[in-house]
Amino acid sequence: MKELKVLAVVVFFSLLVYWGVEPFAHGQMHKHVDGDNFAYSDLPEITKKGDAVNGGNLVMGAGACLGCHSIKSQGMPAPMDAGTAAASYGVNPPDLSNIGALYDEKFLAALIKNPAHALNVEHKFDPAAGKMHPMVAFYGAGGDIDQEVADMVAYFKSIAPKELSAKEAFDNACGRCHAMRYDKYTQLGDTPEFKYEKDALAYQIKVLEYQDHLKAYMGKLPPDLSMIIRARSAHFLETFVENPQTQLPGTSMPRVGLSKEGYEKVEAYLTEIGDPSKPQREALGPWVLGFFVIFSILAFLWKKYQWRDLH
């Protein structure tokens, strides 16, 4: 009975530290940020029913999207290579094939009308100070601009794939700024295999040149994300991606605009690369706990047997 009392005391204080002291200390060292569950409450709802056909015409025409972006799924390549685009805009504009499946509808509509506001980087791009965002706002094609924007969003949703892999989500949402060296991934995409060292060096030069443009645009080179899933808590990552300004006021990182499902795919890729043993570890956990429970019972019974003649 004495041993059970000792065990109860140990368990009590262990739980107190785990669920009481540690979270309190963490809360004191790191401010708590309430997430919005990727609802983007500060952005207006789309009140018009979009017409995908007209939206496609606008994207190809008055929207001038193809002047900077590619839509590879529709056979429309980028107007320039990634390095030239970064030299022109600071970062390579994303391909638009998947954005309807990856980003929130309200965010896409706001991005088309006012990029700096949607991305939450108005502190960096102030037209009054002569600092314009590289993405040109859509001012309409002569009709109801809200209807036209709704049509464009409908078009992007209509061409988006029904299934998007975790890596494809990362590539579109994060990969043009962040590298993933544990997956041999740079801001230019997967690192190719080269037969000759001179070709590998030439490619590395392209990567470095791109990073220089990105560094000038962002103020510093965005970090490699190979281990971010283990370096930061799940809550921090979710709220930071949802709105970087809440965790790091004044940062140059834009609001990404992912939907909840889109973020989960990005998180899955970060976990796959940064913590690949997590599924096996979680599967093994119950067996380890079960072992210790059985071991404790056997140890207790063995102790009772060995000391059975003592009172």
Side-chain angles (χ1 to χ4, degrees), residues 38 40 42-122 124-127 130-162 164 168-169 171-177 213 217 254-259 261-262:
F38 296 92
Y40 304 106
D42 62 310
L43 299 179
E45 298 283 349
I46 298 177
T47 59
K48 308 285 186 177
K49 181 177 175 59
D51 179 347
V53 174
N54 187 54
N57 293 332
L58 289 167
V59 167
M60 313 301 170
C65 301
L66 298 181
C68 301
H69 299 273
S70 61
I71 311 180
K72 294 177 182 177
S73 67
Q74 306 303 304
M76 302 170 192
M80 60 187 79
D81 63 82
T84 304
S88 302
Y89 309 120
V91 65
N92 185 29
D95 179 73
L96 303 182
S97 303
N98 302 331
I99 63 172
L102 192 57
Y103 299 100
D104 178 80
E105 291 183 14
K106 291 195 299 181
F107 173 80
L108 286 177
L111 182 67
I112 292 170
K113 293 180 70 175
N114 189 340
H117 176 69
L119 296 167
N120 213 358
V121 289
E122 289 176 301
K124 181 179 177 181
F125 299 101
D126 181 8
K131 296 181 179 179
M132 301 296 294
H133 192 274
M135 178 175 170
V136 179
F138 175 64
Y139 294 104
D144 181 344
I145 188 171
D146 290 331
Q147 180 63 62
E148 292 170 346
V149 169
D151 292 347
M152 295 170 75
V153 172
Y155 169 73
F156 289 128
K157 289 186 70 65
S158 73
I159 65 170
K162 293 183 178 180
L164 196 63
E168 287 173 327
D171 178 66
N172 195 294
C174 314
R176 293 166 296 109
C177 294
H213 297 309
Y217 175 65
R255 171 163 56 183
V256 183
L258 291 167
S259 65
E261 294 75 16

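Residues V59 and I71 have side chains in contact (heavy-atom distance under 4.5 Å, counting atoms from C-beta outward). With a 4.5 Å cut-off on side-chain heavy atoms, P161 and N98 count as touching. For the pair K113/D146, a side-chain contact is recorded, criterion being any heavy-atom separation below 4.5 Å from C-beta on. Counting heavy atoms from C-beta outward, I99 and P94 have side chains that stay 4.5 Å or more apart. Annotation: side chain of V256 is not in contact with side chain of C174 (no heavy-atom distance under 4.5 Å).
Ring orientation note: the planes of F125 and H133 are nearly perpendicular, at an angle over 60° on the 30°/60° scale.
Atom SG of C65 sits about 4.5 Å away from atom CZ of F156, to the nearest 0.5 Å. The structure places CZ of F138 at 4.5 Å from CD of E148, a figure rounded to the nearest 0.5 Å. Atom-to-atom distance recorded for K106:NZ and L111:CG is 14.5 Å, nearest 0.5 angstrom. Atoms CD and CZ, from E261 and F38 in turn, are 10.0 Å apart once rounded to the nearest 0.5 Å. Note that the OG atom of S73 and the CG atom of D95 stand 6.5 Å from one another [nearest 0.5 Å]. Residue R255 holds its CZ atom at 4.5 Å from CG of D42, rounded to the nearest 0.5 Å.
Taking all atoms of both residues into account, the shortest heavy-atom contact from P93 to A85 is CD-CB, 3.7 Å. Closest approach of P79 to G67, counting heavy atoms only: CG-O, 3.3 Å. In terms of heavy-atom proximity, S70 sits nearest to P77 at CB-C, 3.5 Å. Heavy atoms only, all atoms of each residue included: I145 and G140 are closest at CD1-N, 3.8 Å. Counting all heavy atoms, side chain and backbone alike, A173 lies closest to L258 at CB-CD2, 3.8 Å. Here the closest heavy-atom approach between residue S158 and residue Y155 is recorded as OG-O, 2.6 Å.
Judged as a salt bridge (Lys or Arg N to Asp or Glu O under 4.0 Å), the pairs with a partner in residues 46-63 (not counting sequence neighbours) are, in order, K48-D144.
The local environment of CD in E105 is sparse, with at most 12 non-hydrogen atoms from other residues, nucleotides or ligands closer than 6.0 Å.
Side-chain contact of Q147 with D151: a donor-acceptor pair under 3.5 Å is present, judged by distance alone.
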Dump the intermediate steps for side chain to side chain contact (heavy atoms under 4.5 Å, CB included) on L108 and M152, then the final yes or no.
-> CA-CA 9 Å; L108 286 177; M152 295 170 75; over 6 Å; no

List the steps and the verdict of side chain to side chain contact (heavy atoms under 4.5 Å, CB included) for L119 and F107.
-> CA-CA 8 Å; L119 296 167; F107 173 80; 3.7 Å; yes

